[in-house]
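Because the structure is predicted, anything quoted here is derived from the model rather than measured. The sequence lines fix the lettering, A, B, ..., with proteins before strands; numbering per chain opens at 1.
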Amino acid sequence: MAPQYAPSLRSRLGPLLFVLQTGFILIFAFCAEVDSNVNVNGSTFKDSYTDFQDVNVMVMFGFGFMCTFLVRHGFSAVGFNLLVATMTTQWAIILNNVESWYYSGKIRLNMRSLVVAEICTVSALVSIGAVLGKTNPVQLVFIALLEVSGFVLNEWLLLNLLKVRPGNSMMLLHIFGAFFGLTVTWILYRKDSEQRFEKEKVDHKSGLFSMLGTVFLWVFWPSFNSALLSGRSPVRKLECVCSSYLALAVSAVTAAAVSVIFNPKGRFNLLHLQSCILSGGVAIGVSMPVVLQPWEAMLIGFAAAILSTIGFHLLQVGTTIKHGNCVLLLIHPKRALNSRSFLFFQIHMLLAFQCHDTRAILSTHGLPGLLGWLAHFILLIRQCDDHTTAVRFAVFHICTLLITITTSLSMGILTGTTALCWDSLKCVTFRVSVTITHAKLR
Amino acid sequence: MAPQYAPSLRSRLGPLLFVLQTGFILIFAFCAEVDSNVNVNGSTFKDSYTDFQDVNVMVMFGFGFMCTFLVRHGFSAVGFNLLVATMTTQWAIILNNVESWYYSGKIRLNMRSLVVAEICTVSALVSIGAVLGKTNPVQLVFIALLEVSGFVLNEWLLLNLLKVRPGNSMMLLHIFGAFFGLTVTWILYRKDSEQRFEKEKVDHKSGLFSMLGTVFLWVFWPSFNSALLSGRSPVRKLECVCSSYLALAVSAVTAAAVSVIFNPKGRFNLLHLQSCILSGGVAIGVSMPVVLQPWEAMLIGFAAAILSTIGFHLLQVGTTIKHGNCVLLLIHPKRALNSRSFLFFQIHMLLAFQCHDTRAILSTHGLPGLLGWLAHFILLIRQCDDHTTAVRFAVFHICTLLITITTSLSMGILTGTTALCWDSLKCVTFRVSVTITHAKLR
Amino acid sequence: MAPQYAPSLRSRLGPLLFVLQTGFILIFAFCAEVDSNVNVNGSTFKDSYTDFQDVNVMVMFGFGFMCTFLVRHGFSAVGFNLLVATMTTQWAIILNNVESWYYSGKIRLNMRSLVVAEICTVSALVSIGAVLGKTNPVQLVFIALLEVSGFVLNEWLLLNLLKVRPGNSMMLLHIFGAFFGLTVTWILYRKDSEQRFEKEKVDHKSGLFSMLGTVFLWVFWPSFNSALLSGRSPVRKLECVCSSYLALAVSAVTAAAVSVIFNPKGRFNLLHLQSCILSGGVAIGVSMPVVLQPWEAMLIGFAAAILSTIGFHLLQVGTTIKHGNCVLLLIHPKRALNSRSFLFFQIHMLLAFQCHDTRAILSTHGLPGLLGWLAHFILLIRQCDDHTTAVRFAVFHICTLLITITTSLSMGILTGTTALCWDSLKCVTFRVSVTITHAKLR
């Protein structure tokens, strides 16, 4: 069955895009100019350009093709992704330079501002992953633009309240994006979570495209993690690239191992691989500033992959149970108990009962992101010499996480509620107009 | 039904390729050597190499996979593209260095000469787009080699008559390629345009591959536009990359908006997206030398996407009408009038009735190219201080376009006619031989 | 029918991966550190990083998607490839730095050590190509790890016995990998070569993915060949890139020509293209140090493509005959004789009867590698001034090949035999346990 967009919405997408795009062009016309100083942040133009291209490839190919596993969505996933990404990047360029515009009256475009905007876009694409296949393009654009606004606000709060450097606060995008997306999908779809979404069916034929997207992300993740580091310290960049590569390699092997152990027939579950081989990259991205030794990176990748795969597995069990209306839990208690940590399982069950996470962003981005934060915390404390500094760092670090999660949840609630109200309003309008039409016809 | 190649042709492809390839090797054996001066045009080897790789990726992946949307062609599109591209690049290396060979007796190979040859190849691949699915490989190779010869001739004419710098004249490839391709397909297929070409059916299953090719082109287009700029002025390169990226982003959003407005059900038409999201890159490539502000680039991308999408839409209507033998126009006058600008529609109808453009190169490359030329013209005039200079520039600029179109059309007529004569000759020979065989059998 | 893994094996993959991965992490924890000197071998960090990325793209996309042409294997080919590649790269980093660890107690990680490890991984992926679709993941990991050990041993032998520089001995990976893989498949599958392997069926739907992988390899092969050259001599790098590109272009055209000539209907055989367009890159990689002129590279590409395509064609005929139990040879003597060089055919027949080469690595890597060695030999002798030097070089060069092939064959026999014994042991254990279970049940 084709998706049921309300007719009013359908006719609004075109004009909405036109208005937004014209607005962006006007803002750029009055404020933007190309920076005449090319070597920003110690990198030459060419170096920043290859960084930009790698991130761009991840955004367009990685996230675009990763979502093609949905039957009805396959074809349009790439198109929607392109649309959302291009809109969001333009909006992120503007938002990131609001301060510069306030002081100098100009938005300065250079390779670094484009890279930063693309990374903000990634946080929006992470959130979008939770509502894909259940949402129409107008909602997608709306959610993405609000998510980016919230993300930039969070960065600004962290910078001004706690003096967190942008390079570090940007990497919290996985945590921010995951919690934002989960909140939105929790608000929008808790009512009808009993019924299976028809557009969400997984197609094994288009699985190879999905794998293609995942491998794009896997290969270019080291570039993503090191894109914001200054070109002045190539040693730092080398450490970052080596750590990211090793963490990704270890998490690929570990995710495969856990996947095989969980599968009763001893096969790979490709959905596990797709979601969990990236967890090492996510965790290492968050904990990057304090990872100094290769083995620390490998250990973080190892732990992230185990956490992510177990999370995905339990979430899937939860989802299956949810759809079967709790009967499955009674019939197959073994399968549920099979998942050793029962407490953890309960938490997940709660989440799974309440919200509906299409691309499993909780286990792909949320949990590894939190693990990365924890690794950052532990390594930071361990590197401290005296007790006082350690406590100060600990408080500072916990505050960073709390602010991020609070901003993320509140922006998510705001976005979800607005979308819900709008939707109800629209439905009411639609029903009224239908009733009127019917009345007229009689 | 399998494509009907005349048997004589079939047996000729192998030997033809062998002879051409041996000829190229002999020419290289006597004339070519690797340039010992690596830093050509102010770029280091590594910088030029990444430029070359990006263009190479566009040629092989972008154009190769973009054409996989044809049912019968899907599998061989990539193969034919690879064959034509590798032949044409070798030929373009030779042609571009004829002058250097004339004066110094040597063809000098360096990264820049390879990049220039690849860009010439792109102009041939644009032309090929119009005849794909209707032509056998021998004809494809023949058309591609003649197209490149014409393109290099045009560049030489512009350089010697009007002192147009190669960097600027190369970017006219979209206009040259589109008109060349349209002329060839007009000559070859005007007779039997009533019948639908069986190999031209579109397959929605391989649409994702086609989208993959388009996204490859979209992502690497900024590299393509900036590949020929000198490494000595990184600010110019930065401006070019920023402008190209913004124009592409705006044209992606705008093409999606126009596509939704045109579609009666309010859905995306993926064929629109595939053809029209690149129009911003085409237009900005042609008008690059005078675009200074980001908003100018965005406005050009905006206009190009609208023009390209409307063009594609009308052309499709025209094609449908053509095949239905004008009946459709009478039955669904609304659908035809629906397309607001009726005058423009008429021009397109004429074109659509006479020629048959498989990959819609008129709306993908031709119209945005002309728009880019127009933008270049207007911005150039606006930047002039006094009246005399403005008039001189205007005349100079109009002459550039006229020479390009004239060369393109005349080379197209030459190529088409030769192919047609050859084909008729071949058919006659074939029929004669068949008749003789029949006579013998009796 | 699903593949029949013995149950004991199935349960062992997970723990095996865990143990290996934990072992690697422990080794890295005690020995590895990131090199503080970034500019290794005259290249800046950014230059080495782009080299690394290109090789990484080849390993993950190229080899991963090239093998998706098998029906049952398509989906898991990419997954297995990712698993094997990440395991092997970690192991190769350790092995390559054993000497440095012995003297300084530290494994130093930098971009060059990662690139070298990736190139070792390529040699393992070449070998794996011969046994794909017939082997379970435990065997794949086992074979890959032993192959890399053998390859590093061979490099060490060549360095210490003949003073061959690592940059040159690395490029013998095609010869080493092909002979290793063929030996392993010869030992493992000579018994049951009569039956067609069910998992080996070719799927024409996933052919485009396979083509995608091949084009990835084709495009990034120049980076692969030039990755190990020192950044201090950009002229040498330029020569290498130009030669590789020209050889690849020529071999693409030639493979297409030969493929058309061989096909009775005058069509392209896409399997020919997939296997043979890369032969020029393989041959030029092996002969790189002595290729000075572009035409030499083109001639090597030309010869390699002819050899590779003929090799593939004959091998295919051989395989078909083998499966038809020699009857086909009697019925269609023309088809067999059709392949002009009968002697060569006989040799191939012998090979084809005895071993079973899934991805045709003999004609893709083995034969072009040997041709490259021969070209190196001839060009080296021709460049010598006096007789004595020529003889010394000839002996030295022949010894290099002999040592490589000897190491390759003996490591292959060792690996194959171990796998076979292990398999038999496992089968015996399995049967015994089944018998016991049956006995108990009675």
Select one option (side chain, backbone, both, neither) describing which atoms of [X] are under 4.5 Å from chain B's heavy atoms.
{"X": "A/Leu20", "value": "neither"}
{"X": "A/Phe28", "value": "both"}
{"X": "A/Ile25", "value": "both"}
{"X": "A/Thr89", "value": "side chain"}

Contacting region of [X] [heavy-atom separation from chain A under 4.5 Å]:
{"X": "B/Glu239", "result": "both"}
{"X": "B/Leu238", "result": "both"}
{"X": "B/Leu246", "result": "side chain"}

If we define contacts as heavy-atom pairs under 4.5 Å, which of B/Ser243, B/Ser223, B/Ser259 has the most with chain A? B/Ser223
Counterpart residues, ring pair (Phe, Tyr, Trp, His ring centres under 6.0 Å), relative to A/Phe52 (two or more places apart): B/Tyr245
Just jot down the ring pair (Phe, Tyr, Trp, His ring centres under 6.0 Å) partners of A/Phe224, sequence neighbours excluded, or say none. A/Trp221
Would a 4.5 Å heavy-atom cut-off, applied to side chains only, mark A/Ser210 and A/Phe65 as touching? no
Would the distance check show the side chain of B/Gln383 and the main-chain N or O of B/Val290 forming a donor-acceptor pair, the cut-off being under 3.5 Å? yes
